[in-house]
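The block underneath contains the structure these notes are about, expressed in C-alpha coordinates.
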Amino acid sequence: MFGKQLFHKHSQSPQKVVNGRFEMDREGKTAYLEYNLADNVLQLVHTEVPPESRGLGLASELAKSALDWARENHIKVDVICPTVAAYLEKHPEYNDLVVR
(Lines give C-alpha, C1' and ligand atoms only; values in the text may rest on other atoms or scores of the structure.)
Protein backbone atom coordinates (compact mmCIF):
# COMPACT_ATOMS: atom_id res chain seq x y z
CA MET A 1 0.00 0.00 0.00
CA PHE A 2 2.77 2.46 0.91
CA GLY A 3 4.62 1.93 -2.39
CA LYS A 4 1.48 2.48 -4.41
CA GLN A 5 0.77 5.79 -2.71
CA LEU A 6 4.35 6.96 -3.05
CA PHE A 7 4.44 6.46 -6.81
CA HIS A 8 0.82 7.20 -7.60
CA LYS A 9 0.56 9.92 -10.25
CA HIS A 10 -2.10 12.53 -9.80
CA SER A 11 -3.76 13.70 -12.96
CA GLN A 12 -2.95 17.31 -13.66
CA SER A 13 -4.14 19.52 -16.45
CA PRO A 14 -1.34 20.32 -18.89
CA GLN A 15 0.52 23.56 -18.35
CA LYS A 16 -0.01 26.13 -21.08
CA VAL A 17 3.25 27.55 -22.41
CA VAL A 18 3.32 30.54 -24.73
CA ASN A 19 6.44 31.30 -26.79
CA GLY A 20 7.08 34.70 -28.28
CA ARG A 21 9.38 37.67 -28.73
CA PHE A 22 9.64 41.25 -27.61
CA GLU A 23 10.73 43.08 -30.77
CA MET A 24 12.14 46.47 -31.79
CA ASP A 25 12.62 47.65 -35.36
CA ARG A 26 15.32 50.15 -36.30
CA GLU A 27 16.12 51.12 -39.87
CA GLY A 28 14.53 47.99 -41.29
CA LYS A 29 16.32 45.63 -38.86
CA THR A 30 14.66 43.76 -36.00
CA ALA A 31 16.17 43.16 -32.57
CA TYR A 32 14.33 40.73 -30.32
CA LEU A 33 14.21 39.03 -26.94
CA GLU A 34 12.73 35.52 -27.03
CA TYR A 35 10.59 34.34 -24.13
CA ASN A 36 8.48 31.47 -22.84
CA LEU A 37 5.53 32.23 -20.58
CA ALA A 38 4.21 29.43 -18.37
CA ASP A 39 1.71 30.16 -15.63
CA ASN A 40 3.12 33.19 -13.81
CA VAL A 41 6.74 32.88 -14.92
CA LEU A 42 8.26 34.71 -17.88
CA GLN A 43 11.39 32.89 -18.98
CA LEU A 44 13.71 35.32 -20.80
CA VAL A 45 15.68 33.08 -23.13
CA HIS A 46 17.72 34.87 -25.80
CA THR A 47 18.42 38.39 -27.08
CA GLU A 48 19.48 38.98 -30.67
CA VAL A 49 20.50 42.35 -32.11
CA PRO A 50 21.61 42.63 -35.76
CA PRO A 51 25.33 43.45 -36.01
CA GLU A 52 24.71 46.82 -37.66
CA SER A 53 22.36 47.81 -34.81
CA ARG A 54 24.64 46.91 -31.92
CA GLY A 55 25.84 49.62 -29.58
CA LEU A 56 22.57 51.55 -29.81
CA GLY A 57 21.14 50.26 -26.53
CA LEU A 58 18.49 48.05 -28.14
CA ALA A 59 19.28 45.03 -25.96
CA SER A 60 18.85 47.17 -22.86
CA GLU A 61 15.56 48.57 -24.17
CA LEU A 62 14.32 45.04 -24.84
CA ALA A 63 15.30 43.86 -21.35
CA LYS A 64 13.63 46.89 -19.74
CA SER A 65 10.47 46.38 -21.81
CA ALA A 66 10.23 42.71 -20.80
CA LEU A 67 10.84 43.45 -17.12
CA ASP A 68 8.37 46.34 -17.10
CA TRP A 69 5.77 44.09 -18.76
CA ALA A 70 6.39 41.42 -16.12
CA ARG A 71 5.97 43.95 -13.30
CA GLU A 72 2.77 45.40 -14.79
CA ASN A 73 1.31 41.91 -15.15
CA HIS A 74 2.45 40.59 -11.75
CA ILE A 75 4.66 37.95 -13.39
CA LYS A 76 7.97 36.57 -12.08
CA VAL A 77 10.95 36.20 -14.43
CA ASP A 78 13.41 33.38 -14.93
CA VAL A 79 16.49 34.81 -16.61
CA ILE A 80 18.42 32.51 -18.93
CA CYS A 81 19.71 35.16 -21.33
CA PRO A 82 23.15 36.54 -20.35
CA THR A 83 22.25 39.93 -21.84
CA VAL A 84 19.24 40.28 -19.55
CA ALA A 85 21.30 39.01 -16.60
CA ALA A 86 23.87 41.77 -17.29
CA TYR A 87 21.06 44.34 -17.45
CA LEU A 88 19.76 43.16 -14.07
CA GLU A 89 23.20 43.62 -12.50
CA LYS A 90 23.01 47.31 -13.42
CA HIS A 91 19.33 47.65 -12.50
CA PRO A 92 18.70 46.02 -9.10
CA GLU A 93 15.26 47.65 -8.93
CA TYR A 94 14.00 44.63 -10.89
CA ASN A 95 15.50 41.98 -8.57
CA ASP A 96 12.16 41.40 -6.84
CA LEU A 97 10.81 39.95 -10.11
CA VAL A 98 13.49 37.28 -10.45
CA VAL A 99 12.67 33.67 -9.51
CA ARG A 100 15.29 32.48 -7.04
Side-chain angles (χ1 to χ4, degrees):
M1 180 78 160
F2 176 74
K4 271 188 157 179
Q5 288 178 331
L6 181 63
F7 295 106
H8 178 71
K9 292 189 176 195
H10 299 280
S11 62
Q12 295 177 329
S13 57
Q15 181 176 335
K16 183 178 178 183
V17 177
V18 176
N19 303 305
R21 302 186 329 179
F22 291 92
E23 296 183 345
M24 300 187 105
D25 293 321
R26 290 287 196 281
E27 299 177 9
K29 304 292 181 187
T30 302
Y32 60 87
L33 170 55
E34 293 177 339
Y35 69 83
N36 300 318
L37 178 62
D39 289 332
N40 289 328
V41 177
L42 179 67
Q43 189 178 56
L44 300 173
V45 180
H46 175 73
T47 302
E48 188 68 39
V49 176
E52 56 274 11
S53 300
R54 292 181 184 158
L56 302 176
L58 298 181
S60 291
E61 286 185 53
L62 286 165
K64 182 180 183 336
S65 294
L67 294 166
D68 286 343
W69 183 90
R71 185 174 307 289
E72 291 167 12
N73 290 280
H74 310 286
I75 303 288
K76 291 291 189 179
V77 295
D78 180 15
V79 179
I80 296 170
C81 176
T83 302
V84 177
Y87 182 85
L88 284 168
E89 286 181 18
K90 296 176 184 173
H91 297 275
E93 65 270 23
Y94 292 106
N95 286 343
D96 63 304
L97 298 175
V98 179
V99 174
R100 303 276 176 203

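Contact between L56 and E61 at its shortest, heavy atoms only, is O-OE2, 4.4 Å. When every heavy atom of A66 is checked against every heavy atom of L42, the shortest pair comes out as O-CD2, 4.0 Å. Here the closest non-hydrogen pair linking S60 and Y87 is O-CE1, 3.6 Å.
Summarising the geometry, atom NZ belonging to K76 is positioned 16.0 Å from atom CD belonging to Q43; distances are rounded to the nearest 0.5 Å. Distance check, rounded to the nearest 0.5 Å: CG of L33 to CE of M24 gives 11.0 Å. We find the NZ-OG distance between K29 and S53 to be 7.5 Å, quoted to the nearest 0.5 Å. The CG atom of L62 sits 11.5 Å away from atom CD of E34, with the distance rounded to the nearest 0.5 Å. Distance check, rounded to the nearest 0.5 Å: CZ of R21 to CD of E48 gives 9.5 Å. Atom CG of D78 is separated from atom CG of L37 by 12.0 Å, given to the nearest 0.5 angstrom.
The side chain to side chain donor-acceptor pair (under 3.5 Å) search around T30 returns D25, not counting sequence neighbours.
In the displayed structure, E27 atom CD is contacted under 6.0 Å by at most 12 heavy atoms of other residues, nucleotides or ligands.
Tracing side-chain contacts under 4.5 Å through hydrophobic residues (I, L, V, M, F, W, Y), one reaches V79 starting from V49; they form part of the same cluster. In the hydrophobic cluster analysis, where Ile, Leu, Val, Met, Phe, Trp and Tyr join through side-chain heavy atoms closer than 4.5 angstrom, V45 is grouped apart from V84.
With L97 as the fixed residue, the side chain to side chain contact (heavy atoms under 4.5 Å, CB included) test singles out one of L88, V77, D68, I75: V77. Each of L44, N19, I80, V18 was evaluated against N36; a single residue qualifies, N19, per the side chain to side chain contact (heavy atoms under 4.5 Å, CB included) test.
Between the side chain of K64 and the backbone N or O of A59, no donor-acceptor pair lies under 3.5 Å.
The aromatic rings of W69 and F22 lie perpendicular to each other, with more than 60° between the two planes, well past the 30° mark.
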